[in-house]
Amino acid sequence: MDEATYQLVREKLIEVDDFVQATGTLMRTKAGEISVHVRELALLSKALSPLPVIKQQVQDDGTIREFGEFSDTESRYRQRYADLAVNHDVRDVFIQRAQIIRTIRQFMDSEGLLEVETPILQPVYGGAAARPFITHHNQLDEDLFLRISFELYLKRLLVGGYDGVYEIGRDFRNEGVSFKHNTEFTMLEFYKAYIDYNGVMDITERMLAAVAMAVHGRTQAPYQGSVIDYTPPWPRRTVREAIREEAEIDYMDYPDATSLEAAIFDWLPAEERREFQRGQPWGKLIEHLLGAAVEKKLIQPTFITDYPRDISPFAKRVAGDDVHVERFEFYIAGMEMGNAFTELNDPRDQAARFEEMARLFRADDDDAAPTDDDYLRAMRYGMPPNGGFGMGIDRLIMLMTGQRSIRDVLLYPHLKQTGR
RNA sequence: GGCCCCGUAGCUCAACGGCAGAGCAGUUGACUCUUAAUCAAUUGGUUAGAGGUUCAAAUCCUCUCGGGGUCACCA
């Protein structure tokens with residue numbers, strides 16, 4: 001480079017983290033390093049603060065040795081730009097995230113499902129048991145809820161004549177955060193006419209196998225020391241079987257909440273009894289027992305099927321069985337990944353379910369499903385039989401990219417505001 | 001929200017009742033150089049914040065703020 005340009009560099013007017021444009025001849029230095037013999041140099045952008053320093057050296061054996069690091073979790077999340085600028089493996093996670101979502105979208109399209117968008121701001125929330133965020137429209141002077149699921153809006157579209165629809169988008173739930181919960185998270189839901197929950201299980205298996213194939217080139221993927229095998233078919237166990245095997249309780253022996261509660265209380269380890277919440281409905285008790293006794297053991301992909309009716313207001317009954325519905329959840333690496341059922345499409349049964357929920361839960365209970373009259377009206381026009389499905393995309397991305405926390409697959413995870 | 005752990009320089013960490021330190025970054029000077037770091041010198045702190053105990057507090061106690069974990073909650 002010429003004398004004037006060299007002086008700029010020497011005087012450190014141009015330094016690490018600046019953006020520059022160089023014109024010149026590609027060359028190799030005496031030490032063998034590829035370099036540029038610079039004729040012209042232009043400063044494109046000046047860095048005023050240095051980034052946290054990380055330098056990498058490729059060793060003779062090909063391993064990369066790192067010097068210095070930027071690892072403070074809070075700083076990394078609050079200043080994701082610096083995290084990305086400095087930690088290449090973090091950048092890679094979000095490239096894989098885009099690839100996974102693209103794969104899911106292609107898979108859904110190839111299944112003949114139509115991608116749609118439905119309201120995020122809803123006058124009546126529903127489709128899940130969660131506390132919503134409430135906001136307000138000033139000019140219309142009405143309260144609105146941020147959606148907790150897409151379910152009821154999507155199923156209305158089947159009434160409209162589409163044979164299958166799906167949506168990938170954000171849900172908002174006003175509840176605690178954890179390594180697998182963020183207040184806003186990305187969900188996939190689909191509804192397909194003329195299949196039941198067995199058909200949905202088939203689609204689920206094939207979809208996740210396709211995602212694993214796209215990310216890893218095979219249907220197995222490592223996660224936290226295990227190798228998760230997504231190859232279909234996955235084991236299918238009923239809730240009743242799973243609980244009978246893991247907790248040695250057959251809840252059908254306890255047909256009412258009082259007796260079942262006593263049985264669970266006896267089963268619980270002494271130190272957990274103090275925390276045990278009394279007075280829950282029958283189905284809720286079963287669900288808790290499933291969570292306590294079974295969930296963490298389900299490392300390989302597993303369908304758990306046939307849930308209690310009283311906590312599943314939108315699922316169709318199992319034929320000839322008044323207490324169970326055609327519903328499944330699937331578990332991977334000890335995490336609940338998704339929830340699906342043969343959708344209830346009988347408007348009279350649906351109205352009865354809303355009434356049952358109102359009896360079972362107080363209106364402000366998270367589990368209460370507020371009656372959605374417009375949804376009932378849609379169903380009265382005739383809704384085709386269909387199978388529906390919901391899955392937390394962020395959790396799937398955790399599995400596929402080997403991340404332990406949902407915060408590591410979200411560019412901007414929710415953090416508490418710092419003062420001022 | 002309960003309980004447990006953590007918060008020291010821009011970054012990564014040490015000091016764990018007795019003078020707040022190191023490496024890197026930064027700054028200054030030298031070098032048409034180097035392959036994480038050329039050499040030399042040097043700046044940098046309300047130890048997250050407030051209060052308390054003590055002759056003396058980064059260190060012990062209380063509260064607040066923030067983070068992590070766990071439980072509750074989360075079909």
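Order of the sequence lines sets the chain letters (A, B, ...), proteins ahead of strands, with each chain counted from 1. Being a predicted model, the structure only gives us computed values, none of them experimental.
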Does a side chain donor of either N182(A) or R407(A) reach within less than 3.5 Å of an acceptor in the other side chain?
no
Centroid-to-centroid, Y166(A) to F190(A), below 6.0 Å?
no
Please tell me which of K284(A) and S178(A) maps to the more 5' nucleotide of RNA chain B, matching each residue to the nucleotide holding its nearest heavy atom.
S178(A)
What is the separation between atom CZ on F179(A) and atom P on rU70(B), rounded to the nearest whole Å?
6 Å
C1' gap between rA48(B) and rC55(B), integer Å
28 Å
Using 4.0 Å as the upper bound for N to carboxylate O, is an ion pair formed by R156(A) and D374(A)?
yes
Taking the P atom in each of rC19(B) and rU47(B), what is the distance between them to the nearest angstrom?
15 Å
Got a salt bridge between K180(A) and E336(A), using NZ or NE/NH1/NH2 to carboxylate O under 4.0 Å?
no
Among residues 328-341 of chain A, which ones have heavy-atom contacts with RNA chain B below 4.0 Å?
E329(A), N339(A)
Roughly how many Å is it from NZ in K296(A) to P in rU70(B), rounded to a whole number?
9 Å
Is the phosphate of rC73(B), meaning OP1 or OP2, less than 4.0 Å from a side-chain N or O of H288(A)?
yes
Send over the distance from L51(A) CG to rG26(B) P, rounded to a whole Å.
11 Å
Of Y307(A) and V177(A), whose closest RNA chain B nucleotide lies nearer the 5' terminus?
V177(A)
Heavy-atom closest pair, residues Y197(A) and T342(A)
N-OG1, 2.9 Å
Sticking with atom C1', work out how far rG23(B) lies from rG66(B), rounded to a whole angstrom.
27 Å
Are R317(A) and D322(A) within salt-bridge range, i.e. N to O under 4.0 Å?
yes
Do N386(A) and K155(A) meet the criterion of a side-chain donor-acceptor pair at a distance under 3.5 Å?
no
Would you tell me whether Y191(A) and E189(A) have side-chain atoms, one donor and one acceptor, within less than 3.5 Å of each other?
yes
Between rG69(B) and rG29(B), how far apart are the P atoms? Round to whole Å, please.
47 Å
Using a heavy-atom cut-off of under 4.0 Å over every strand shown, decide if T73(A) touches base, sugar-phosphate, or nothing.
sugar-phosphate
Quick one: is R76(A) getting a side-chain N or O under 4.0 Å of the rG68(B) phosphate, OP1 or OP2?
no
Atom CD of E69(A) and atom C1' of rU12(B) are separated, to the nearest Å, by 6 Å
Indicate, with a heavy-atom threshold strictly under 4.0 Å, whether K180(A) touches base, sugar-phosphate, or nothing.
nothing
Within this structure, what is the CZ-to-C1' distance between F185(A) and rC73(B), rounded to whole angstrom?
14 Å
Within the distance-only criterion (no hydrogens, no angle test), does the side chain of Q300(A) pair as donor or acceptor with the backbone N or O of V227(A) below 3.5 angstrom?
yes
If we ignore angles and hydrogens, is there a donor and acceptor under 3.5 Å between the side chains of Q280(A) and H288(A)?
yes
Rounded to whole Å, please give me the gap between CG in N174(A) and C1' in rC73(B).
12 Å
Expressed in whole Å, how much space separates the C1' atoms belonging to rU32(B) and rA25(B)?
25 Å
Atom-pair distance (CG on D83(A); C1' on rU12(B)), nearest Å
15 Å
With sugar-phosphate meaning primed atoms plus P, OP1 and OP2, does R78(A) contact a base, only sugar-phosphate, or nothing at under 4.0 Å between heavy atoms?
sugar-phosphate
Looking only at the side chain of F70(A) (C-beta and beyond, no hydrogens), which of the listed nucleotides rC11(B), rG69(B), rG68(B) gets closest?
rC11(B)
Quantified in whole Å, what is the P atom distance between nucleotide rA14(B) and nucleotide rA9(B)?
12 Å
Dot-bracket, RNA chain B: Watson-Crick or G-U, under 3.5 angstrom, [ ] crossing, | other strand?
(((((((..((((....[..)))).(((((.......))))).....(((((..]....))))))))))))....
Rounded to whole angstrom, note down the C1' distance from rG67(B) over to rC39(B).
41 Å
Could you give the distance separating rG10(B) and rG44(B) at their C1' atoms, to the nearest angstrom?
10 Å
Remember a base hit wins even if backbone is also touched, and classify A128(A) as base, sugar-phosphate or nothing at under 4.0 Å, heavy atoms.
base
Charged tip of R404(A) within 45° of Y223(A) ring normal and under 6.0 Å
no
Base, sugar-phosphate alone, or nothing: which one does S71(A) contact when heavy atoms must sit under 4.0 Å apart?
sugar-phosphate
In whole angstroms, the gap separating P of rG66(B) from NZ of K416(A) amounts to 4 Å
So G126(A), base contact, sugar-phosphate only, or nothing? Heavy-atom distance under 4.0 Å.
nothing
